[in-house]
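For reference, the structure discussed in these notes is given below.
Here is how names work: the chains are called A, B, and so on, in the same order as the sequence lines, proteins then strands, and each is numbered from 1. Values below: every heavy atom of this structure, side chains too, minus hydrogens, waters and symmetry copies.
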There are 2 protein chains.
Amino acid sequence: MNTSSFITNIKKTVNLNEEEEKYIESVFVPLRVKQGEFVEHSGEITRYFIYVQSGCLMTYFTDRDAFDHVAQFATAGWWTGDLHSITKGVPSIYSTRALADSEVLLLPKNSQEELLNKYPQMERYFRILYQNALVTHLHRIIQGHAAAADERYISFREKYPSLEQYVPLKYIASYLGITPEFLSKIRRRLMENR
Amino acid sequence: MNTSSFITNIKKTVNLNEEEEKYIESVFVPLRVKQGEFVEHSGEITRYFIYVQSGCLMTYFTDRDAFDHVAQFATAGWWTGDLHSITKGVPSIYSTRALADSEVLLLPKNSQEELLNKYPQMERYFRILYQNALVTHLHRIIQGHAAAADERYISFREKYPSLEQYVPLKYIASYLGITPEFLSKIRRRLMENR
DNA sequence: ACTATTTCTTAACCTAGTTCAAGATACTTT
DNA sequence: AAAGTATCTTGAACTAGGTTAAGAAATAGT
């Protein structure tokens, strides 16, 4: 498995010379996961930042009634994992699992720290990554309050059309904060009205 | 108005020498706002990162039915504003207003860029700031899906006890994603059960 | 191809949270 | 202190979305 797609991704944000590329590539741990397999388990301390090369992962929270709540999906070019657990060294409340056979690159916590110390561009890369994620998250919060479920579903489909091929509807429902049954109703209404 | 509280805040995360402190202090624009006054208006391109020295601000989104939805509160030591608008140069969908007489420090977009280029520590400071905010935001999303309104209210009070002095209940309701009337009912139930 | 398991849908009934409208408490301003 | 404005509460009627349970359709395993 080669890591060049990741380097390409970084270079969209910051510049890297040959030596930097080499080093960065060297610290990632490539991993293949089959559909259904876990990359991280809740309850354990997260050790890796997870970058998706291909396939699709989901990160989710399981509540005390054993209901799963999808925090985020991640397809090629996305990062996922539990930032809180890895940075603070506390057990994670999220699990990360493959929704399809996937190739991921694991960046161990220590290696990330090294990268940040060694290459200021990497500090910038992550700053911008987090900055963009923050905008998206806040938008999701507000839309959760301001828009009805059907609107949220419609904009989800517009925003992430590629996810439909990987993600079962029940997880999309979970991501949107509704039940699969209600999503079914919404989908039917949308079909009937056109 | 002095800016030293801000420097103290940065120094909790990264180190600064005398020269750096001086320069950083020099690029901030201090501003006093009275209760009810706006710091940023939706529809305009955000020009400043907003740091709160004292008092309390709220940033909110107004939907097409003219309902306000509180995105976040900010008291002393917090940043607020619309990251999307300022970084992408697009009109903001959020407004920021003072809930009490407040002292804020405005960091113009250009000055932030300069700081980031000049001092790698500042890149790190913002990376960590965003990283922490991301954790909080994701938690808020998940709690919005996994917890009922009364639980969300209780954990809000535990997490931000200091906000109760500044923030009218109707805005707390908005932040939690419920109506003021329903928050009233929740509060009553909580009173009766003890 | 056959079976088992998971996912998706439907329908009847239920509830957390909303809407509307009115009254009660605060908080300002003069 | 009075009057005006904004906030908070209450209650009755309502609705978006949840629950339960069962069947249909798709996937996966053998």
message = Treating primed atoms plus P, OP1 and OP2 as sugar-phosphate and everything else as base, which nucleotides of nucleotides 3-19 of chain C get B, S or - for protein heavy atoms under 4.0 Å?
response = ----SSBBS-----BBB
Residues that [X] engages under side-chain hydrogen bond (donor to acceptor under 3.5 Å, both in side chains), provided they are two or more places apart:
X	result
A:Lys185	none
A:Thr179	none
A:Glu181	none
A:Glu158	none

Taking side chain as C-beta onward, heavy atoms only, is [X] less than 4.5 Å from [Y]?
X	Y	answer
B:Val90	B:His84	yes
B:Gln72	B:Tyr60	no
A:Glu113	A:Asn110	yes

key: Sub-4.0 Å heavy-atom contacts from residues 157-166 of chain B onto DNA chain D, ordered by number   =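 By residue number: none to list.
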Under 3.5 Å, sequence neighbours excluded: what are the donor-acceptor pairs made by side chains of residues 169-178 of chain A?
from	atom 1	to	atom 2	distance (Å)
A:Tyr171	OH	A:Arg97	NH2	3.4
A:Ser174	OG	A:Asp68	O	3.4
A:Ser174	OG	A:Val70	N	2.8

message = List the residues meeting ring pair (Phe, Tyr, Trp, His ring centres under 6.0 Å) with A:Tyr51, not counting sequence neighbours, and say none if there are none.
response =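 Expected list: A:Phe6, A:Trp79.
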task = For B:Tyr119, enumerate each residue passing the ring pair (Phe, Tyr, Trp, His ring centres under 6.0 Å) test, keeping only those at least two apart in sequence or located in another chain.
result =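 Once residues adjacent in sequence are excluded, the partners of B:Tyr119 under the ring pair (Phe, Tyr, Trp, His ring centres under 6.0 Å) criterion are B:Tyr23.
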query = Between A:Gln35 (side chain) and A:Asp101 (backbone), is there a donor-acceptor pair under 3.5 Å?
reply =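 Answer holds: no.
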Produce the list of close N/O pairs, under 3.5 Å, pairing protein atoms with atoms of nucleotides 26-30 of chain C; give distances to one decimal.
none

query = Which side-chain hydrogen bond (donor to acceptor under 3.5 Å, both in side chains) pairs, counting each pair once, include a residue from residues 134-148 of chain B, with sequence neighbours left out?
reply =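 Passing the test, one end in residues 134-148 of chain B: B:Gln143-B:Ser155.
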request  = Could you tell me, to 10°, how much the axis swings from one end of the helix from C:dA1-D:dT30 to C:dT30-D:dA1 to the other, five pairs per end?
outcome  =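 If I round to tens, the end axes sit 60° apart.
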